[in-house]
Amino acid sequence: MFKKRLYGMAFIILLPLPLCAANVSVLVAETGLQEGSPPFAVSGIWEGILLEVFFEEGHIVSNAPVARLPAFPDKELPGEVISDFYEAAGGGAEYFILAILDYSGVKQDGKQKQPDVHLRLFRIRPYKMLHKMYADLSKEKAVNEDFTLIKRQIERLTVYFNE
């Protein structure tokens, strides 16, 4: 009898606590590459870092295959990724993160270089771009193995989840 009351009290106390996990969809889009060229391994690394950061923060994370844009987009949400946005919305995502990796300034001499990375955070319902940022890697002499500085920059996006 005592256990039932204890469980009942615990349930009543914990019931009003808000759940902090957001449902986030991530899409990496490459631009500045020659048509037909294979994706850079760096794009996959960025996708993995994005998924890892939000998963470790306790969020539910999904992704779509890496997209290819013909040029750097002038719209906040380029037409080439609209279907991915709606697919994320249909899957229950609350937030959509578009990471645009711009390789146009990268010398393509066979070496893996860091692209310019532009991150855009959207709330799906009601639609709104909450934040955009440029992940500045110029201050890093070399990208370290655990990508600590990159992860810290990405973690800053979570403060916009409740707007």
Side-chain angles (χ1 to χ4, degrees), residues 14-33 39-69 71-106 111-163:
L14 295 175
L15 184 65
L17 294 177
L19 298 176
C20 298
N23 195 333
V24 181
S25 182
V26 173
L27 175 65
V28 172
E30 300 173 320
T31 188
L33 294 173
F40 269 51
V42 174
S43 300
I45 292 170
W46 267 96
E47 183 178 47
I49 291 170
L50 285 160
L51 294 171
E52 178 184 337
V53 166
F54 293 112
F55 182 76
E56 286 180 356
E57 290 269 329
H59 303 293
I60 302 162
V61 189
S62 63
N63 66 317
V66 174
R68 181 72 57 97
L69 304 176
F72 191 84
D74 51 353
K75 296 180 181 178
E76 63 182 36
L77 191 60
E80 294 88 355
V81 301
I82 292 286
S83 62
D84 295 303
F85 179 85
Y86 285 123
E87 189 174 321
E94 301 165 82
Y95 299 97
F96 184 77
I97 297 173
L98 175 61
I100 302 169
L101 280 57
D102 186 6
Y103 289 96
S104 58
V106 175
K111 295 182 181 177
Q112 295 295 324
K113 307 277 185 175
Q114 285 296 323
D116 290 333
V117 180
H118 302 265
L119 300 171
R120 298 175 182 178
L121 172 64
F122 300 90
R123 181 181 56 219
I124 292 181
R125 286 188 189 93
Y127 172 82
K128 181 181 179 184
M129 181 163 48
L130 299 174
H131 186 68
K132 66 179 178 178
M133 66 182 265
Y134 173 71
D136 187 9
L137 304 176
S138 63
K139 295 175 184 156
E140 284 191 80
K141 300 281 188 244
V143 179
N144 57 358
E145 246 180 56
D146 63 353
F147 301 96
T148 306
L149 293 176
I150 295 170
K151 288 179 181 180
R152 267 191 247 137
Q153 288 186 19
I154 294 169
E155 286 169 355
R156 293 187 306 187
L157 290 175
T158 60
V159 301
Y160 298 97
F161 280 2
N162 293 321
E163 286 190 17

- Apply the test side chain to side chain contact (heavy atoms under 4.5 Å, CB included) to residues Leu157 and Phe54: give CA-CA distance (whole Å), side-chain angles for both, the deciding distance (0.1 Å), then the verdict. CA-CA 9 Å; Leu157 290 175; Phe54 293 112; 4.2 Å; yes
To the nearest 0.5 Å, what is the distance between [atom1] on [X] and [atom2] on [Y]?
X	Y	atom1	atom2	answer
His131	Thr158	NE2	OG1	11.0 Å
Leu77	Asp84	CG	CG	9.5 Å
Tyr160	Met129	OH	CE	12.0 Å

- List for me each residue that meets side-chain hydrogen bond (donor to acceptor under 3.5 Å, both in side chains) alongside Glu52, sequence neighbours excluded, and say none if there are none.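 Glu52 satisfies side-chain hydrogen bond (donor to acceptor under 3.5 Å, both in side chains) with Lys151 once adjacent residues are dropped.
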- Task: For residues Leu69 and Val81, determine if any side-chain heavy atom of one lies less than 4.5 Å from a side-chain heavy atom of the other.
- Result: yes
- How about Pro78 and Leu98: do any of their side-chain heavy atoms sit closer than 4.5 Å?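 When only atoms from C-beta onward are counted, Leu98 and Pro78 do touch, with a gap below 4.5 Å.
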Please find the pair of heavy atoms, one from [X] and one from [Y], that lie closest to each other, and give the distance.
X	Y	result
Phe122	Arg120	CE1-CB, 3.7 Å
Pro65	Leu27	O-CD1, 3.3 Å
Val42	Leu101	O-CD2, 4.4 Å
Tyr127	Glu76	OH-OE2, 2.6 Å
Leu119	Ala99	CD2-CB, 3.5 Å

- Task: Kindly determine whether Trp46 and Ile150 satisfy side chain to side chain contact (heavy atoms under 4.5 Å, CB included), including the steps that lead there.
- Result: CA-CA 9 Å; Trp46 267 96; Ile150 295 170; 3.3 Å; yes
- Worked check of side chain to side chain contact (heavy atoms under 4.5 Å, CB included) between Asn23 and Glu94: CA-CA 5 Å; Asn23 195 333; Glu94 301 165 82; 3.6 Å; yes
Excluding sequence neighbours, so at least two apart, what forms side-chain contact (heavy atoms from CB on, under 4.5 Å) with [X]?
X	value
Arg152	Thr148, Leu149, Glu155
Tyr86	Ile82
Asp102	Thr31, Phe72, Ser104, Asp116

All N/O donor-acceptor pairs, side-chain side in residues 55-64, below 3.5 Å, sequence neighbours left out:
unit_1	atom_1	unit_2	atom_2	d
His59	ND1	Ala22	N	2.9
Asn63	ND2	Glu47	OE2	2.9

- Those residues that, when tested against Arg68, pass salt bridge (Lys or Arg N to Asp or Glu O under 4.0 Å) (two or more places apart):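 With neighbours one apart ignored, the set is Glu30.
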